[in-house]
Protein chains: 2
Amino acid sequence: MGKWVTMKDVADLANVGTITVSRVLRTPEKVSEAKRQRVEKAIEELGYVPDNTAGALSSSKSRVFGAIVSTVNDSVFAQTLDGLSSTLRAAGYELLLTSTNYNPEVEEEALRALLARRPDGIVLTSTSHSIGVTKLLDAVSIPVVEVWQLPSEPLDIAVGFSNYQAGYDMARHLINSGCENIAFIGGGCARDVRGLRRREGYKDALKSAGLAPVMWPNEDQAALTGIELGAASFEKCLNVNPHVDAVMCVSDQVAVGVLCEASRRDVDVPNDMSVSGFGGFEVSAPSGFDLTTIAVPGYEIGVASARALLDPEAARAQKVIDVGYKLVERGTT
Amino acid sequence: MGKWVTMKDVADLANVGTITVSRVLRTPEKVSEAKRQRVEKAIEELGYVPDNTAGALSSSKSRVFGAIVSTVNDSVFAQTLDGLSSTLRAAGYELLLTSTNYNPEVEEEALRALLARRPDGIVLTSTSHSIGVTKLLDAVSIPVVEVWQLPSEPLDIAVGFSNYQAGYDMARHLINSGCENIAFIGGGCARDVRGLRRREGYKDALKSAGLAPVMWPNEDQAALTGIELGAASFEKCLNVNPHVDAVMCVSDQVAVGVLCEASRRDVDVPNDMSVSGFGGFEVSAPSGFDLTTIAVPGYEIGVASARALLDPEAARAQKVIDVGYKLVERGTT
DNA sequence: ATCAACCGTGGTATCGATACCAAGCCTGAC
DNA sequence: GTCAGGCTTGGTATCGATACCACGGTTGAT
C-alpha cells in the first residue's frame, strides 16, 4: 500500500503547524511569504495531495456536485455535462455522475447514493420525480438544479428553455412559409417529456392556424433510435397522408432519417416538402444535410447550471433561468 | 441548514450502539434479526442517509472511482461511461467524472483533483501521459485502467482492442472485394492517437498488397468535426484522385459526410465506389446509410473496465483485456 | 509611554463513520 | 458442573483535515 502523505508530514518538514499548511492551500493570503514558500516547497518535495474527504468532513463542504442524467449517450446531455464539468473544475469542484438509463425507478436509489457523498449541490435531467425523491430533496438544504426544461414549479432552480415554445415557433415558421399539411414525427414516447412538450407546441400552433395536426408514431416505439425511427415513421406517414408538404421532427436524428428516406423516394426537399429538426448538434451542422433546426445551447445550459450551483443565492432570485434557443433556417425549408 | 441525521441519532432511537448501525448497513448478516429490524425502522423513520465521506476516512475505502475522459460529447466514450456507471453503481460504487476536452495539459491537474478524493481506482481514456501524470500514478497503489486501446506497456491494466488491427482488417476486406484505389479519410489529427493507429493499419495493409496509400487530410484539421470533415475531404480527394474506388473513413461520422458528398456528385455507392466507417454506433445502424463499418463494443468496454476496477487482482493477471471488434459488412461495400 | 487592535500562528476539539479489542451471553462437550 | 469457544455487542481510538479560540508580537493612536 503506497501510503498517502498527510498534512502533518508536510507541516513537520516545513517546521510549521498543520493549520498553516491548510491555510497555504485554502487562504494563502493569510500566511506570511516566508512560511508559504517553505510549505510549498515541502508539498512539492513530498508530492503531497490533500485529502478532500477529510476536509469535507470537518468543514462540511465536499466541493463535489452530483449529477443524475437519463443517459450520457446522447449529445443532448453530453454537451451539458461538458459545460458543467469544465466550469466546475475551474472553480475547484468535481462532478459525481450517475446515469439512470431512463429508468425512473433507479432515480431514488441513485439520489440516495449521491447524497451519501454529501454533495454541495445536485443537477437533475429527469423531468418528473417520485415522492421519495422529492422527500429526500426537501430534507437537504443544498441547491438543486433541474436542466433542459422550464417547469412551472421548479424544485429549487431550473435552467433550460421552453420546449413547448420551441415546438410552437417551428410550426409557425413552417406555416408562415406556406406549408399547409404539416406532420410531426417522433415525440410519442411518454418518457420523453421534453419531446412531448415540443409536440404539444406544434399541435397548438396548427390548431390556432386552423390546420389539422398529423403525428407519428402515437404508440411507444422505444426500441427504435433516432435515425431509424425517422425513416420508418416517414414511410408510414406517407402511406397515410401522401400530400404532406412539411415534416417537423422531434430531433435532428429523426430528421436525418426522414431526409434519407425522402431521398430514396425521390421526394425533393425543400421543393416538394420541408423538413425541420431539433437540437442543433453536429448532425445538423452545415454538412450534407443543411437542416433547418432549433439550436439549443447545450453547453451553455451546463455553464449556467454550474454558475447556479456555485452561487445559489443569485440563481434563486430568478428561480427559472431561460437560456433560450435559436431557430436556424437552412436549406430544408 | 437542514441538519443531517447521523448514525448516532439512529443508534439512540433504536437503542443500540453506533457500531451496530454501521453493521446493519455493511454486514447485516452479523447482526441479530431483532436489532436489525429495530435499526432499519429507525433509519426509515429518521430518513437517515449515511455519510460516505466519513466512512471513507476511517476505512480508507471511498467506494468511488475516478474517470478522466477526453470528452463526454462523443458516443464513443459515452457508451463506455454508461457501461462503467451502471456496473459500478450496481456494486455500490460511484463515478467521479472529469473531462479534459482533449487538452493534455489539463490531465495532470484533473488527476490531482481526482486523487484528492482518494478514489479506489481510476479510468483513463487518454493515450499518452505526461511524466507528472505517470509519477502521480506510480505513487498510488490503486488500480488504473486505460481504455479503448491496447498499449504494449500498460500503466497497470488496459481494456480495449487493437485499433491498428481494425484498420488493417478493414483495408484487407476492401482489397479482397476487389478495390485497388483505396483512400483513407480522417485520422490526420495528431491528438487522435487511436485514429492514427487505424490509419497505420490501413497503410500497412495496402503496402503489403502492393497498393499505394492515399490519405486526407494530412494536416491537422481539428476545427472540422466528423461529417463536415468527411464531405470536405472527399471533395479534395476526388480532385486529386478521380479514380478512387474505395474510401475508408476514420469514423462513421466521417463516412456519413463522404456518403452525402458522393450522393450530391452522383457517385454510385457501392457500384462506383465502396465506403467504410468505424464505430458502429447509431449513425451506421440499419438506417438510411447501411454503412459497412467496424463495430466496437463501447458499452462492453465500460463493463469490463468496471469489473477490472472491482477485482484488480484478476484483471492484473491479464494486464491487457482485448474485447475485440466486429467487421460488419453492409450495403456500402 | 501605554494600551487597544490586529496579524500571523499554533493547540485542541471536532466532523461521522469504521477498526480494533474486550466483554457478555449462550451453547455444547467433557 | 465447569469450561472452552463462538456469537453478538459496545466502548474507545482513529482516519486527515478544518473551526474555533487563544496567544505573542507588532503597529498606531492617545
Side-chain angles (χ1 to χ4, degrees), chain A residues 1-39 42-43 46-64 92 112-113 115-120 140, chain B residues 1-39 42-43 46-64 92 112-113 115-120 140:
Chain A
M1 290 291 150
K3 288 265 286 198
W4 290 99
V5 176
T6 81
M7 190 171 265
K8 180 145 193 325
D9 298 330
V10 176
D12 289 349
L13 181 61
N15 239 320
V16 295
T18 56
I19 188 70
T20 304
V21 178
S22 173
R23 276 195 271 255
V24 168
L25 293 171
R26 296 273 171 236
T27 51
E29 71 280 5
K30 289 190 178 172
V31 178
S32 69
E33 181 69 17
K35 294 212 175 185
R36 209 185 64 214
Q37 292 193 350
R38 280 223 309 277
V39 170
I43 288 178
L46 295 173
Y48 170 65
V49 177
D51 185 332
N52 272 326
T53 57
L57 188 56
S58 50
S59 68
S60 55
K61 272 177 201 150
S62 60
R63 304 190 138 255
V64 164
R112 207 173 276 278
L115 289 178
R117 313 284 168 190
R118 299 292 186 267
D120 291 343
V140 300
Chain B
M1 289 291 153
K3 289 264 288 200
W4 290 99
V5 176
T6 80
M7 191 170 265
K8 180 148 194 321
D9 299 330
V10 176
D12 288 349
L13 180 62
N15 240 319
V16 296
T18 57
I19 188 71
T20 304
V21 178
S22 172
R23 276 193 272 253
V24 167
L25 294 171
R26 298 272 171 235
T27 50
E29 72 280 5
K30 290 191 176 170
V31 179
S32 69
E33 182 68 17
K35 295 214 175 184
R36 208 185 66 214
Q37 292 193 351
R38 281 224 308 279
V39 170
I43 288 178
L46 295 173
Y48 169 65
V49 177
D51 185 333
N52 272 325
T53 57
L57 188 56
S58 49
S59 68
S60 55
K61 272 177 200 149
S62 60
R63 304 191 137 255
V64 165
R112 209 174 274 277
L115 289 178
R117 312 284 167 190
R118 300 292 186 267
D120 291 342
V140 301

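Heavy-atom basis, side chains included; hydrogens, waters and symmetry copies ignored.
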Which pair of non-hydrogen atoms, one from B:Ala56 and one from B:Ser62, has the smallest distance, and what is that distance?
CB-CA, 3.7 Å

By the salt bridge (Lys or Arg N to Asp or Glu O under 4.0 Å) test, which pairs, at least two apart or in different chains, include something from residues 48-58 of chain B?
A:Arg118-B:Asp51

State which residues pass side-chain contact (heavy atoms from CB on, under 4.5 Å) with B:Ala113; sequence neighbours excluded, sorted by chain then number.
A:Glu94

Kindly give the heavy-atom pair with the smallest separation between B:Trp4 and A:Val140, and that separation in Å.
CH2-CG1, 3.4 Å

Which donor-acceptor pairs under 3.5 Å do the side chains of residues 7-14 of chain B make with protein atoms, sequence neighbours left out?
{"unit_1": "B:Lys8", "atom_1": "NZ", "unit_2": "B:Asp12", "atom_2": "OD2", "d": "3.1"}
{"unit_1": "B:Asp9", "atom_1": "OD2", "unit_2": "B:Thr6", "atom_2": "N", "d": "3.0"}

Protein proximity profile, nucleotides 6-20 of chain D - base contact B, sugar-phosphate-only contact S, no contact -, cut-off 4.0 Å on heavy atoms:
--SBB----BBBSB-

Structure string for DNA chain D in dot-bracket form, Watson-Crick and G-U at under 3.5 Å, | interchain:
||||||||||||||||||||||||||||||

Mind checking the NZ-CG spacing from A:Lys61 to A:Asn52? Nearest 0.5 Å is all I need.
13.0 Å

Among residues two or more places apart or on two chains, list those pairs meeting salt bridge (Lys or Arg N to Asp or Glu O under 4.0 Å) that have a residue in residues 15-33 of chain A.
A:Glu33-A:Arg36

